[in-house]
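Encoded as structure tokens, the structure appears first; notes follow it.
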Amino acid sequence: MNQNEKIDKIFLKPYNPLQHEEETYMLWEKESVFNPDKCVVKKYSNSKESPFSIILPPPNVTGSLHMGSALMLAIQDILVRFQRMKGRKTLWVPGTDHASIATESKVEKILMKQKIRRTDLTKEQFLEKVDEFAESQRKEIKDQIKKMGASVDWSREAFTLDKQREEAVKTAFTILYERGLIKRGEQIVNWDPKGQTTISDDEIEYQEGKATLYTFKYAKDFPISIATTRPETKVGDTAVAVNPEDKRYKEYIGKEYEVNFAGCTLKIRIVEDKNVDPEFGTGALGVTPAHSKVDWEIAQEHALPWYKVINEYAKMETSNPEINGLKTTEAREYIVNWLKKENLLEKEEEIDQNISISYRSGGVIEPLPKLQWFIDVNKKFTLPLSSIPGVEAGKKVTLKELMLHVVKEGHIKIIPERFDKIYYNWIENLHDWCISRQIWYGHQIPVWYKENKESETEVHIGIKKPEGAGWVQDPDTLDTWFSSGLWTFSTLGWPGNADMSEKLKEVKKRGDLLEYHPTTVMETGADILFFWVARMILMSTSLLGEIPFQTVYLHGMVRDEKGRKLSKSLGNNIDPRDLSKQYGTDAVRLSLIIGTRPGNDSRVSLDKLKAYKHFANKIWNASRFVFENTTDYNEKSTPEKLPKKYEEYVKNCLDLAREVTEDMENYRFYLAGEKLYHYFWHTFADIIIEEAKKDINGNNVDLSNAAKHSLREILRMNLKMLHPFMPFITETVWQRSPFLLNRPLAVESWPTKK
RNA sequence: GGGCGCUUAGCUCAGUUGGCUAGAGCAAUCCGUUUACACCGGAUAGGUCGUAGGUUCAAGUCCUACAGCGCCCACCA
């Protein structure tokens, strides 16, 4: 068998991705090229260069990965592989998120199908089921991450609900509590009667709808008419608010009336408040402090009493037995009828109104006052330690100020820039963050209560249950974003063994946290800028006095071919693995990357997938051609100075390398990828190879050698540059090539201009 | 109510700080079955870069207004 027959044997045609991808990933793992420590030992990376670090946004264990995750993995892998090849010590930490509410309700649904209700199980039994489910999803997700070729360091895999992260959560809670930033209080919260839990402002979605606006008086002898879409809540009114500028009601301000309204006795005071719009309705607002956020604030302002008239099941709780226990909608009907009967109803009109919906459970949000835990974003506290320029250690700041400062001063750069404004706007409107949830799955709040002899409640906040009998832990769990907010440093060993309250500094002396934090870049979906990115900034700046990342790269949403959202309920959901099987992972990655600008939505395109699958085949065959035709190539026989034509070819390729490098360094890999594609196919394959064919078989030995030399050099550079984009095929070719020395392509050096 | 994005070839989209005859993929038309590849090659056609003004030696790129589509935030009880 001659050389070319051998090459034919190892380069079977056409290129079949399925045949090579798995073994290639195994090769990388065997060689530990994803582990930065081992890369230093093996001298694959230069420990003197500044490290490059990135933490994977942890996918929720609610289900398997979707196309958005595939895009995320592709972008991050490109960034990471590029830096690794440039010789930087490079860390990419993988992990998953327990996604408390989402996972809990998912498991509940699964149990329902088996005719098991949550209430049939004890808390322990239920959590066991959830853990079981989460574990199986994690396996699935891990498999998907590998299939996408993501070069993550599995030895550092993390889970937001594992032991280490639990320690981080408890520590964070304790520190924030000690600084007075976490408080417990009765406040109006977004209650989800369907999910039976509170949710944060950001977890609400608005649905457009119509509502009836009723205009009426509480009673015949009451001087002012009010308008509302929710008459049933009016049994909880304690005031009527009017605009101070409104002349119509000036004379009533400060007066108090006792009225009998729908069988309930109400004491209504007339107050003035700037927030009341004189143009709307009658210009007078019936204040229901317990069941409306705006009203709650008005009530706070005027020290009004409040009465809860709707309970956690969205049923009435009133002194009138005819209404008590009714659903809110039934109570509304009762009250409207009563108004009609009493001849108090003046007007009924239809208006546009948005309905607040929980984005997890779909339940209609009922504002309720409840005893909950909050993070106070407006309270001044002393930052004990800081490496943030402009905020020295010891300075008094609020969380809001910190969060604004680091972005406004450019310590954190957001790509694309336009999201800066959106971020500022969100922070400026930020209210206290309600962090307690009435569900089982998640980090239980590290607070313990005990009744003492005087039947007062003692409270203990800390990492461990206090000594002695009688301590009961707060049953609530934390908002899932509390633990994911710690993600950039909880994955890097924080808090470790140090005594957190005393020696924050000590922590930084330890391994990963010192080496890799702040992380270089956070790449994630633009849709979780508020949920997550802002929370990470909050946690990192306040707990470590450090930014969590230098750059935020935001990607848009991946939609289907028609531009619709991909979702299970629409039935157009795609498992990236199915596309990988059909087109090869490299093609899937390229199709998601090329032409997708940061922050913009993109569409799954079968045309693109097909095109890049063909491209993989092109690389395969062009490589085969080069190796077949250069088997007798001898470096020594290459003329020192290449003939002009080949000199130009090589120079052009080096120019491309410079341009591509610059694009990569500036996060324009969606351009770099296209340039590489175009160069490889339409310059290297179509022009250079075709030109070289003549010279290789010609009589001029020097020209022939120069052609062989140039083909190899250009192919070598292209395989390297294409590797971050198409890791599988480039590595597979490399492993079969004369280029292979003592290391995989994944840790070969990135081409630079000599 | 406030803010943001998009509008470029038949379709889906690039075009980096204003600078060469405006690009890619797919689709279309014609030719080619020469030993890397038919998951191929060569060629052709196709755009007054949403509209109207403006700045500039020069505008797809900057400014202003308008239109259509989409998104985010706030929210009127």
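Each chain gets a letter, A, B and so on, in the order the sequences are listed, and its residues count up from 1. This one's a predicted model, so the numbers in the text were calculated from it and none came from an experiment. Scope of the values below: all heavy atoms of this structure, side chains included, with no hydrogens, waters or symmetry mates.
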* To do: Report the residue (A/Asn629 or A/Arg230) whose heavy-atom-nearest nucleotide on RNA chain B is the more 5′ of the two.
  =>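 The answer here is A/Asn629.
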* To do: Validate the cation-pi geometry between A/Lys693 and A/Phe625: distance from NZ or CZ to the six-membered ring centre under 6.0 Å, angle to the ring axis within 45°.
  =>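 That pair qualifies as a cation-pi contact.
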* State whether A/Tyr583 and A/Lys610 meet the cation-pi test: NZ (Lys) or CZ (Arg) under 6.0 Å from the six-membered ring centroid, and within 45° of the perpendicular axis. => no
Expressed in angstrom and rounded to an integer, what is the separation of [X] atom [atom1] from [N] atom [atom2]?
| X | N | atom1 | atom2 | answer |
| --- | --- | --- | --- | --- |
| A/Phe625 | B/C37 | CZ | P | 10 Å |
| A/Leu430 | B/C73 | CG | P | 14 Å |
| A/Arg418 | B/C73 | CZ | P | 15 Å |
| A/Glu417 | B/G5 | CD | P | 11 Å |
| A/Asp420 | B/G3 | CG | P | 17 Å |
| A/Asn621 | B/U35 | CG | C1' | 13 Å |
| A/Lys217 | B/A77 | NZ | P | 22 Å |
| A/Ile528 | B/C71 | CD1 | P | 20 Å |

Nearest-angstrom distance, [atom1] atom, [N] to [M]:
| N | M | atom1 | result |
| --- | --- | --- | --- |
| B/C72 | B/U56 | P | 41 Å |
| B/C13 | B/G19 | P | 24 Å |
| B/G50 | B/G60 | P | 10 Å |
| B/C71 | B/C76 | C1' | 23 Å |
| B/U48 | B/A9 | P | 9 Å |
| B/G25 | B/A14 | P | 16 Å |
| B/U17 | B/A59 | C1' | 14 Å |
| B/C26 | B/G46 | C1' | 14 Å |

Where the side chain of [X] meets the backbone of [Y], is there a donor-acceptor pair that is under 3.5 Å apart?
| X | Y | answer |
| --- | --- | --- |
| A/Lys210 | A/Gln353 | no |
| A/Glu205 | A/Ser358 | no |
| A/Arg564 | A/Asp560 | no |

* Run the ring-ring contact (aromatic ring centres under 6.0 Å, His included) check on A/Tyr677 and A/Phe615 step by step: do they pass? -> CA-CA 8 Å; A/Tyr677 168 88; A/Phe615 181 49; 4.6 Å; yes
* Where do A/His20 and A/Trp620 land on the ring-ring contact (aromatic ring centres under 6.0 Å, His included) test, with the steps shown first? -> CA-CA 12 Å; A/His20 306 290; A/Trp620 187 250; 5.3 Å; yes
Base, sugar-phosphate, or nothing for [X], non-hydrogen atoms under 4.0 angstrom?
| X | answer |
| --- | --- |
| A/Lys693 | base |
| A/Ala685 | base |
| A/Asp277 | base |
| A/Val287 | nothing |

* Asked: Does any non-hydrogen side-chain atom of A/Leu715 lie less than 4.5 Å from one of A/Leu711?
  ->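 Not touching, per the 4.5 Å side-chain cut-off.
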* Under a 4.5 Å cut-off applied to non-hydrogen side-chain atoms, are A/Tyr646 and A/Asp695 in contact? ->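 Touching, per the 4.5 Å side-chain cut-off.
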Considering only heavy atoms and no angle criterion, is a donor-acceptor pair shorter than 3.5 Å present between the side chain of [X] and the base of [N]?
| X | N | result |
| --- | --- | --- |
| A/Lys618 | B/C37 | yes |
| A/Glu690 | B/A36 | yes |
| A/Asn429 | B/C73 | no |

* So, A/Asn243 versus A/Asp273: side-chain donor-acceptor pair below 3.5 Å or not? -> no
* Salt-bridge criterion met for A/Glu731 and A/Arg736 (N-O under 4.0 Å) -> no
In terms of side-chain heavy atoms of [X], which of [options] is nearest?
| X | options | value |
| --- | --- | --- |
| A/Val294 | B/C75, B/C76, B/C39 | B/C76 |
| A/Phe530 | B/C73, B/G42, B/A36 | B/C73 |
| A/Tyr206 | B/A36, B/A77, B/C75 | B/C75 |

* Structure fact -> With both pairing distances under 3.5 angstrom for Watson-Crick or G-U wobble, and | for a partner in another strand, the correct string for RNA chain B is (((((((..((((.....[...)))).(((((.......))))).....(((((..]....))))))))))))....
* Take nucleotides 10-27 of chain B nucleotide by nucleotide from the 5' end and write B, S or -, depending on whether a protein heavy atom sits under 4.0 Å from the base, only from the sugar-phosphate, or from neither. => --SSSSB-------SSS-
